[in-house]
Every structure is written in structure tokens, then in C-alpha cells.
Amino acid sequence: MIQKTYNFLFLFLLLPSIVFSQQEKKLNYFELAIKKKANSLKNEINFKKAQYFFLKEEWDSTLVYSMKQLNSNPNLEIKEYCHYFRAYSLRKKELYKQSHIEFSLVNKSFQYYYLVDNNIGLLFYYEENFKKAIVYFLKAEKEILNHNDESEIVGIYTNIGICYLHLNQFAKAESYLKKDALLNPKQITKTVIRSNINIANFYYKQYKDRQAIYYFNKAYTLSKNIKDFKLKENTAFNMAVVEENKGNYKKALDYRKESEEWKDSLNNQNKIWAVADYEKKFAVAQKQKQIKVLEVENKLKDTQRNSLFFASIGLLLILTGGVYLYGQKVKNAKTILLQKNKLDELNATKDQLFSIVSHDLRSSVNALKTSNAKLSATLETKNYNELHQLIIQNSTIANGAYSLLDNLLHWAMLQTKQLYFHKESIHLHSIVQQIEYNYRPLLLDKSITFENSVSKNIFIFVDLDSLKIVLRNLLDNAIKFSNENGKISFYNQETNPDFCDLIIEDNGIGMSENTIKELLQEGELLAKKSGSEIIGTGLGLQLCKQMIRKNSGTLTIESEINKGTKMILSFPKTRTNG
């Protein structure tokens with residue numbers, strides 16, 4: 001069982017995630033050098049563009065401009081840089097043969113030739129020619145140490161260690177994987193965590209579980225200090241497997257849950273079922289323990305009853321039996337009442353869901369059916385203008401139905417307590433920017449001006465996924481009830497030092513006071529804007545209200561007919577350590 005789990009864990013982490021360590025995104029020794037070189041060459045426009053796109057990791061553009069520079073007869077030094085740019089870009093595009101040819105064009109007198117050796121070593125690694133890879137990595141290692149290029153030292157140690165590991169040369173692999181630069185650097189980075197996972201897998205492969213678990217645990221602890229969700233997920237997953245191997249299913253379940261928190265549970269229901277399966281196993285184990293305890297208690301009661309006098313037993317049995325039956329009757333009555341209330345609540349929820357599905361989805365499908373009939377007729381007449389309008393109409397209907405289904409999913413999961421809320425510090429301006437980008441086609445379709453005036457210094461303490469759902473629903477409503485050439489604004493105001501008020505304002509059709517009261521009333525799923533042809537379920541706003549409350553926030557609405565609407569959201573700010 002341990003071997004089977006280990007094989008899965010080893011492949012899952014070592015090969016795809018950390019074969020070759022990636023540095024955190026900041027300019028390294030070589031990148032600073034090429035940027036400085038580009039600044040010194042004012043007339044070499046193609047070279048400047050090539051290095052710019054190289055740093056931006058836009059490989060196709062890098063290939064184009066480096067070739068233009070090579071065709072313009074550059075001096076020898078610039079030529080070496082361009083060949084390196086091209087070879088590196090081809091490797092990133094997984095064109096390994098072409099990359100190898102291009103690296104061979106770089107002269108050994110090139111100041112940074114050790115990077116060429118390192119990259120050629122990578123190419124041999126991809127071919128699983130680990131011995132040749134090590135030869136080039138060792139060449140590169142010597143020059144990297146001579147240049148004191150700290151940005152490459154960690155990567156080269158990891159590469160060499162993993163190659164030796166593939167060759168089963170464990171002593172040499174351990175020597176490189178446990179380098180002080182990998183496990184004990186000046187600061188905690190993603191590379192440090194990956195290095196700890198590497199050495200843990202190294203020990204696991206040799207069945208040295210105690211050493212492996214130490215480094216898995218260290219990687220897990222260090223991952224709490226970074227924001228890389230993938231690494232957090234991997235380290236928590238490792239700990240779950242470790243605890244499963246120990247037979248400690250409760251801890252394993254906790255780690256499994258933590259691992260799942262870093263995944264997008266809203267778009268992948270398989271993850272929810274996986275957690276549910278582990279919860280079921282844990283519940284079964286708990287029930288089995290309870291049954292054993294009850295069996296022991298029953299045996300003790302039997303022994304005590306047999307030791308009493310027969311006469312006393314008869315009397316006690318009558319009294320005890322009466323009390324027991326009465327207690328059971330009361331207990332059963334309470335259980336039945338609780339089950340009835342729960343069933344009534346579930347039935348009410350079911351009726352609401354059926355009402356929404358039958359009303360809105362039937363309307364959307366019927367509208368789509370009617371529009372498609374018109375579309376077929378228009379195709380025969382070849383009226384392309386009307387055909388274009390019908391296609392836009394079909395797209396709008398489909399988007400509306402999709403939004404309804406998306407809200408139904410989130411609402412149902414919220415009601416059945418399947419949504420997980422993880423509060424963290426969120427940069428509000430950036431989130432509003434993301435939401436605006438997602439809805440830009442709808443804004444352009446109605447020629448609506450969007451303004452993001454949220455302060456860039458505001459951080460709020462909320463669950464990110466639920467915040468996005470709230471903002472998407474409110475922006476969708478603002479677009480839906482805005483006129484052509486309208487305007488939608490997001491901005492914040494200060495009314496409480498501990499809270500941030502986010503205002504979503506439009507100059508659309510507005511709503512009456514009665515409509516506002518209906519929308520803010522709990523449990524009202526169906527609602528209609530007065531004087532509007534647009535009918536909504538109100539489910540999106542109900543979902544928003546529940547998620548705002550979950551995030552310790554509040555919602556108020558200010559609106560007048562034909563004068564627009566203000567949705568005012570209040571969320572707690574991130575507390576700063578003072």
C-alpha cells in the first residue's frame with residue numbers, strides 16, 4: 001500500500017512540477033545584463049525589441065526580432081545574444097532539435113556561455129539522456145559559481161540532483177538535493193519549498209520514510225508563507241498521503257480538505273465528491289467505534305441485571321421498562337419533529353428551485369425556439385441584417401440562461417453548505433478590473449461607459465470567489481437595466497474606519513421604493529422591475545445577499561425611477577499590524 005501511494009506521489013510532484021526549478025519572477029543576473037546592454041545600444045531597435053519580448057516571455061515575437069537583428073549584420077557580441085534568444089525561445093516552444101542547432105551557433109567566447117551549457121543539459125534531459133545532461137550541467141555549475149550567479153545556482157543544483165536520482169546514484173543525488181542554497185536560503189521562496197519536496201521524494205524512493213516525512217512536513221510549513229496556491233495544494237496533498245500511510249484518517253482528511261481548498265471547487269464538482277468520500281470513510285469509522293462502545297456497555301448491563309435478585313429484577317424491569325419506553329417515545333417524537341422540519345425546509349427549497357427552473361428556463365428556451373424559427377425563415381430570405389440581429393438575440397438569451405444556471409448552482413451549494421469560504425486580504429481595485437474585463441463585450445454591445453474609481457490602496461478581508469460572484473451579478477444587473485450609451489461606475493467611500501463602502505452606480509431605468517423593499521426582503525426569489533420588460537428571478541440578488549452576509553458585509557440600495565441605481569456594499573477592511 002505504501003509503495004503504491006508513493007509511486008503516485010512521486011510522479012505527481014517530481015516530474016511535472018519540479019523537474020527544473022523556476023525562479024520567482026524578478027530580473028536575474030543575465031536579464032539585468034541584457035537590459036543594460038539594450039539601453040547602451042540606442043540605434044539597434046530590433047535588438048531592443050528582441051530583449052524586451054524575451055523578458056516578457058513572448059517567444060514568437062522574440063524569434064521575429066532577433067532574426068531581424070541577425071539579418072542586419074550586427075557585431076559579434078550582439079549576434080551571440082540573438083542566437084541565445086532564439087535558442088532559448090525554441091526550447092520554450094518545445095522545438096528541441098531546432099533549439100539545439102541554434103545553441104550550437106553561439107560561440108564559446110560568449111560571456112554567458114555557461115547558460116548555453118545549462119540549456120543544452122536541459123535538452124538532453126528531455127531526451128532522457130541523463131549522463132550527457134549531467135556533463136553539461138557540471139560544466140555550467142563551474143562557470144555559474146565563478147560568476148557568482150545566485151539566480152542560476154539553485155536551478156543547477158536541483159537539475160543535477162534529479163539527473164543522478166534518475167540514474168539511481170543516490171549518494172550524489174543526495175549531495176546536490178541537500179545543498180544549503182536549496183534548503184536554507186536567506187529567504188523563503190517557491191524554489192525552497194520545491195527543493196524540500198524533491199529531497200522528501202528522494203528519501204521516499206529509498207523507503208526512508210522518517211527522513212521523507214520530515215521534509216514533506218517542512219515543505220508544508222514553509223508553504224504557509226507564500227501565495228502560490230498550486231504549491232500549497234501539493235504540500236497539503238503530500239501530508240494527506242503521509243497520514244493515510246500511517247492510518248491516521250482524521251488528519252489525512254484535514255489535509256485533503258486543505259488541499260481541495262486551493263482548487264476551484266465551483267467548476268469541478270468531482271473534487272467535492274472526493275472530499276465527501278473521505279468524510280464518509282471517517283464517519284463510518286466513527287460509527288464503528290460507537291457500535292463497539294455500545295456492545296461493551298450492553299454486556300456490562302447484562303452482567304449487572306443477572307446479579308440482582310429475581311424479585312427486584314422484575315420490579316426494576318417494569319419501572320425501567322416504563323421509563324425507557326417513555327424516554328424512547330419522547331426521543332423518537334423529537335427526532336421525527338426535527339426530520340419533519342428538515343424535510344419541510346428541503347421541500348420548500350425544492351419548490352423554489354422548480355419554480356425558478358420552470359419559469360425562467362422555459363421562458364429562455366421558448367424565446368430561443370421562437371428566435372431560431374425566425375432565424376430559419378430569415379436564412380431563406382437572405383436578409384443578413386435581420387439575421388445578424390437574431391444571432392445577437394440568441395446569444396443574449398443563451399447568456400441569460402447560463403447566468404441563471406450558474407446562480408442556481410451557487411445558491412443550491414450555499415443552501416446545502418457545500419461552498420467553502422476562505423477569507424483573505426483582497427486588493428479591491430484589481431478585482432473590479434478583472435470583472436470589468438469579463439463583461440467588456442456586453443458593455444461594448446450597449447455602448448456603456450465603465451469607470452473604475454476604486455482606490456488602489458484599499459484591501460478588504462473577504463472570500464475571493466464569493467466576492468467575484470457578487471460583483472459579477474451586480475454588474476450584470478447594472479448592464480441589463482442600463483440604457484444605450486449609459487454609464488456604470490465603481491467607486492469607494494469612507495464612512496467607517498473599519499469598513500470599505502463599495503458603490504456600484506448606473507444611470508439606467510432605476511426602481512421604485514416598493515421594488516427595493518421586495519428585493520431586500522428575505523426569501524423573495526421572483527421579482528420584476530416596475531415598468532420594465534425585463535423579468536428576473538431575483539435569485540442572483542438573493543445569492544449576493546447571502547454571500548455578503550457570509551463575508552460580514554451589508555447591502556443597501558438607493559434608486560429612483562429613470563434616475564439610475566446605487567448598490568452600496570460594505571465589507572470589513574484588512575487589519576494592519578500596528
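None of the values given here were measured: they were computed from a predicted structure.
- The side-chain heavy atoms of Leu471 and Leu569, taken from C-beta on, include a pair separated by under 4.5 Å.
- Residues Thr565 and Asn477 are not in side-chain contact: their nearest non-hydrogen atoms beyond the backbone lie 4.5 Å or more apart.
- A salt bridge is defined here as a Lys NZ or Arg NE, NH1 or NH2 lying under 4.0 Å from an Asp or Glu carboxylate O, and Lys37 with Glu44 fails to meet this definition.
- Residues Lys468 and Gln434 are in side-chain contact: their nearest non-hydrogen atoms beyond the backbone lie under 4.5 Å apart.
- Proximity of Asp476 to Leu442: side-chain heavy atoms (C-beta onward) are separated by under 4.5 Å at one or more points.
- Relative to the ring axis of Tyr88, Arg91 places its NZ or CZ within 45° and under 6.0 Å from the centre.
- Glu233 and Lys230 are joined by a salt bridge, as a carboxylate oxygen and a charged side-chain nitrogen come within less than 4.0 angstrom of each other.
- Side-chain polar atoms of Asn198 and Thr158 form no donor-acceptor pair below 3.5 angstrom.
- Ion pair Glu513/Lys517 not flagged as a salt bridge, since none of the NZ, NE, NH1 or NH2 atoms sits closer than 4.0 Å to an Asp/Glu carboxylate oxygen.
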*Just do the ring pair (Phe, Tyr, Trp, His ring centres under 6.0 Å) check on Phe54 and Tyr81 with the steps written out, would you?*
CA-CA 11 Å; Phe54 179 82; Tyr81 279 110; 9.8 Å; no

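- Note that CG of Leu520 is 6.0 Å distant from NZ of Lys545, once rounded to the nearest 0.5 Å.
- The heavy-atom pair separating Ala50 from Phe85 by the smallest distance is CB-CD1, 4.1 Å.
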*Test ring pair (Phe, Tyr, Trp, His ring centres under 6.0 Å) on Tyr65 and Tyr52 and set out the steps.*
CA-CA 10 Å; Tyr65 286 102; Tyr52 171 80; 9.7 Å; no

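- Taking a cutoff of 4.0 Å between a charged side-chain nitrogen and a carboxylate oxygen, Lys92 and Glu57 do not qualify as a salt bridge.
- Annotation: Lys423, atom NZ; neighbour count of heavy atoms from other residues, nucleotides and ligands within 6.0 Å is above 12.
- Taking 4.5 Å as the limit, some side-chain heavy atom of Ile460 sits within range of a side-chain heavy atom of Leu467.
- With a 6.0 Å radius and a threshold of 12 heavy atoms from other residues, nucleotides or ligands, Glu560 has its CD atom at or below the threshold.
- Contact between Gly510 and Ser559 at its shortest, heavy atoms only, is CA-OG, 3.4 Å.
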